[in-house]
Amino acid sequence: MYSGLQSTCLAALAAQALAAPSLTWKRQSTNSTLLTDLNVISQYWGQVSPYRDNDDSYFGVDDVGLPDGCQVEQVHSLQRHAQRFPTSSFDDGVNDENFAAKVYNFTSTANANASFTGPLTFLNTYLYQMSESYLTGPGAVTEFTAGQTFWNRYGRTLFNATLGQVQYNATYQNLTARPKPVLRTTSQSRIENSQINWALGFFGPSFYTTPQPGLESFANGSLFDVVIIPEGGTENNTLAAYDSCYEYDLQSGDLGDLDLFFQYVPLYIGAATARMNQYAPAGFTFNDNDTYAMQSICAYENAYIGMSDFCGLFTEDEWMAFEQTLDIEYYYDYAFGSPTGRAQGLGYQQELLARLTNQYITSSNSSVNSSITDNAQDFPLGRPFYADFTHDDIIVSVLTSMSVDYFREHPNLQQYPPDPARHFQLSHLTPFGARLITEVIGCSSPAPAAVHNHRTYYYPTQYGYDPSNAPNKFIRMRLNNGILPLDTIRGGYCEGRTDGLCAMDDFLASQWEAEKLANYQFACFANYTIVDPTNGADYDGTVSNATDGIVVSPGEITAEYLDSL
């Protein structure tokens with residue numbers, strides 16, 4: 001996600017990168033065999049990877065079963081949009097389009113008789129077919145599946161489903177109407193369309209027992225309400241929080257991209273570029289940016305049409321490094337490596353706490369839009385579930401703002417191949433269709449015994465849960481199904497359990513403390529300059545007057561100043 005201001009500034013940097021000489025990479029891949037198994041290749045596409053569930057224990061939680069006498073009573077879902085076209089970022093869609101234009105301009109003019117050979121023969125007739133930013137058909141399918149999966153995992157028990165019930169029912173068993181769920185989305189096309197397709201999966205009007213060919217229940221608005229929060233200006237929006245954090249637009253949103261393009265791509269891709277040039281005709285030379293674009297186009301064409309001739313051209317080490325570039329981008333743009341990482345996640349964190357404590361938010365000190373959070377219509381309290389539709393970077397920033405230190409381990413800017421066991425891997429954090437789930441669990445015991453193995457709950461009371469005798473509330477969080485190690489939240493509030501559960505009071509205390517660390521006003525609006533943007537600094541997600549490596553000048557950054565640029 002980039003503003004027009006960023007795109008203009010970064011275009012010049014991209015041009016420099018195209019002309020820059022390749023650095024010597026640390027180590028050529030020991031595996032020179034080209035990887036052709038798309039099921040393996042697609043695991044190395046970072047945030048543009050297809051959705052896969054993490055194992056329950058992927059993030060290191062040992063005991064993954066729900067204890068006896070416990071049940072999930074409320075669920076909060078922060079749902080990413082699914083497969084889309086490339087963005088207009090200089091190191092993403094713009095680089096891909098530049099490479100495609102370079103090939104087309106060569107093959108369609110005076111060089112028509114000069115041919116690419118070997119595995120690149122397809123480039124002789126290649127045409128780039130992608131648009132920018134919009135949700136694709138596979139993306140719609142991913143979101144539909146996400147909604148249907150949410151029903152199966154949570155809706156059945158939250159709403160005490162009847163025998164064979166495969167989707168939400170808008171009425172209770174006595175035929176009185178339920179309060180309508182409220183789904184929230186930003187106004188961006190791919191986010192709204194993700195919400196639509198998720199709703200089709202969860203509410204199920206396309207697979208009712210008695211079919212509705214016209215989708216009457218879905219079309220007349222009787223199943224749910226939607227709150228659409230504007231995105232794209234400088235308004236407050238917790239689901240696109242960079243809009244109202246002006247220093248992100250000016251500089252902090254560039255840090256990871258600069259590291260990606262100027263440090264890590266030249267570090268690893270030289271051997272692949274040399275390999276491509278073996279099959280290039282006279283007069284055409286691949287540079288490192290071209291080769292990187294070929295990896296990117298492989299991922300995006302699969303997100304669009306499910307296939308691509310670019311995918312079988314790289315080794316496994318090169319694909320691992322491709323994902324590392326994306327990990328670097330997001331860690332330093334949105335996570336602990338960003339001066340505004342915490343600030344960008346703070347708003348949703350505050351909304352989550354408000355819902356957990358049944359409080360409206362009537363004034364804002366963050367990206368929260370308090371005109372939306374101060375009323376029951378837009379921000380209802382005490383509902384069985386909440387579903388908010390957002391971007392990948394917001395999920396990363398929320399984890400940062402919450403101080404889940406498991407993810408503080410930064411990507412190594414000098415290591416090739418990268419460590420396969422590193423914690424911050426976007427293919428597991430924010431693939432297309434990613435979801436961060438917060439479960440509120442009621443238990444009869446204040447210290448329920450952990451259960452090692454996963455349990456499927458076929459009905460709410462299966463393992464001794466009694467809703468009238470569950471006064472002890474716990475929080476458990478899942479990221480793409482993997483249970484998060486809440487015991488790594490800074491401060492130690494959630495330590496002591498092996499199953500990822502944290503007592504509600506302890507969780508709330510941990511988050512009140514984490515809130516303070518964002519330093520929102522300074523991080524987003526102070527007039528500071530980052531002296532060395534590509535130094536790989538760990539800012540712990542925020543900055544202050546005492547932060548090393550920044551120069552603070554008088555005044556604040558305003559929306560008017562941004563507009564003037």
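Atoms considered below: every heavy atom in the structure, side chains included; atoms not considered: hydrogens, waters and symmetry mates. Numbering of residues begins at 1 and proceeds along the displayed sequence.
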> Stepwise, does the side chain to side chain donor-acceptor pair (under 3.5 Å) test hold for Ser89 with Asp91?
Replying inline: CA-CA 5 Å; Ser89 302; Asp91 49 350; 4.6 Å; no
>> For Phe389, does the six-membered ring have the charged nitrogen or CZ of Arg80 within the cation-pi criterion, i.e. under 6.0 angstrom from the centroid and within 45° of the normal?
In response: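 Geometry flag: not set, cation outside 6.0 Å or 45°.
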>> One pair to check against side chain to side chain donor-acceptor pair (under 3.5 Å): Gln188 and Thr186. What are the steps and the verdict?
In response: CA-CA 6 Å; Gln188 194 174 89; Thr186 83; 5.6 Å; no
So that I can tick it off, tell me whether [Y] and [X] are bridged by a salt bridge, with the cut-off set at under 4.0 angstrom between side-chain N and carboxylate O.
{"X": "Arg476", "Y": "Asp499", "answer": "no"}
{"X": "Arg435", "Y": "Asp388", "answer": "no"}
{"X": "Arg422", "Y": "Glu409", "answer": "no"}
{"X": "Arg184", "Y": "Glu351", "answer": "yes"}
{"X": "Glu73", "Y": "Lys473", "answer": "yes"}

Does [X] use its side chain to pair, donor to acceptor, with the backbone of [Y] at less than 3.5 Å?
{"X": "Gln71", "Y": "Pro460", "result": "yes"}
{"X": "Ser222", "Y": "Phe218", "result": "no"}
{"X": "His76", "Y": "Leu352", "result": "no"}
{"X": "Asn236", "Y": "Val368", "result": "yes"}
{"X": "Thr373", "Y": "Ile361", "result": "yes"}
{"X": "Asp68", "Y": "Gly464", "result": "no"}
{"X": "Gln425", "Y": "Gly46", "result": "no"}
{"X": "Glu143", "Y": "Ala82", "result": "yes"}
{"X": "Asp243", "Y": "Gly232", "result": "yes"}

> How far apart are the C-alpha atoms of Tyr304 and Phe85, what are their side-chain angles, what is the distance that settles it, and do they pass the ring-ring contact (aromatic ring centres under 6.0 Å, His included) test?
Replying inline: CA-CA 7 Å; Tyr304 172 36; Phe85 291 115; 4.8 Å; yes
Side chains of [X] and [Y]: is there a donor and an acceptor less than 3.5 Å apart?
{"X": "Asn152", "Y": "Gln148", "value": "yes"}
{"X": "Thr185", "Y": "Gln195", "value": "no"}
{"X": "Tyr300", "Y": "Asp92", "value": "yes"}
{"X": "Ser57", "Y": "Asp55", "value": "no"}
{"X": "Thr498", "Y": "Asp63", "value": "yes"}
{"X": "Gln212", "Y": "Ser217", "value": "yes"}
{"X": "Tyr330", "Y": "Asp392", "value": "yes"}
{"X": "Gln295", "Y": "Tyr44", "value": "no"}
{"X": "Ser296", "Y": "Asp96", "value": "yes"}
{"X": "Gln83", "Y": "Thr142", "value": "yes"}

>> Using salt bridge (charged side-chain N to carboxylate O under 4.0 Å, His left out), reason through Arg153 and Asp53 one step at a time and then give a plain yes or no.
In response: CA-CA 13 Å; Arg153 289 184 178 170; Asp53 265 349; 2.3 Å; yes
Test item: [X] and [Y] side chains (from C-beta on) under 4.5 Å apart, heavy atoms:
{"X": "Ser187", "Y": "Ile229", "value": "no"}
{"X": "Gln349", "Y": "Ser403", "value": "no"}
{"X": "Phe474", "Y": "Cys502", "value": "no"}

Could you check whether the rings of [X] and [Y] sit parallel, tilted or perpendicular, using 30° and 60° as the cut-offs?
{"X": "Phe59", "Y": "Tyr406", "answer": "perpendicular"}
{"X": "His391", "Y": "His81", "answer": "perpendicular"}
{"X": "Tyr248", "Y": "Tyr242", "answer": "tilted"}
{"X": "Phe424", "Y": "Tyr331", "answer": "perpendicular"}
{"X": "Trp319", "Y": "Phe314", "answer": "perpendicular"}

> Has Tyr172 got more than 12 heavy atoms of other residues, nucleotides or ligands less than 6.0 Å from its OH?
Replying inline: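 Check passes, neighbour count above 12.
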>> Assess the residue pair Tyr154 and Phe385 against the criterion (ring-ring contact (aromatic ring centres under 6.0 Å, His included)); give the C-alpha distance rounded to whole Å, side-chain angles, the decisive distance to 0.1 Å, and a yes or no.
In response: CA-CA 9 Å; Tyr154 296 112; Phe385 80 92; 9.7 Å; no
>> Please evaluate residues Phe432 and Tyr51 with respect to the criterion ring-ring contact (aromatic ring centres under 6.0 Å, His included), reporting the C-alpha separation (whole Å), side-chain torsions for both, the decisive distance (0.1 Å), and the verdict.
In response: CA-CA 5 Å; Phe432 282 133; Tyr51 182 81; over 10 Å; no
> Is there a side chain to side chain donor-acceptor pair (under 3.5 Å) between Ser427 and Glu323 once you walk through the steps?
Replying inline: CA-CA 8 Å; Ser427 59; Glu323 174 163 48; 2.7 Å; yes
>> Please determine whether side chain to side chain donor-acceptor pair (under 3.5 Å) holds for the pair Asp333 and Ser338, giving the CA-CA distance in whole Å, both sets of side-chain angles, and the decisive distance to 0.1 Å.
In response: CA-CA 5 Å; Asp333 283 356; Ser338 168; over 6 Å; no
>> Please identify which of these residues, Tyr292, Trp45, Phe310, meets the ring pair (Phe, Tyr, Trp, His ring centres under 6.0 Å) condition with Phe322.
In response: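 Exactly one pass, corresponding to Tyr292.
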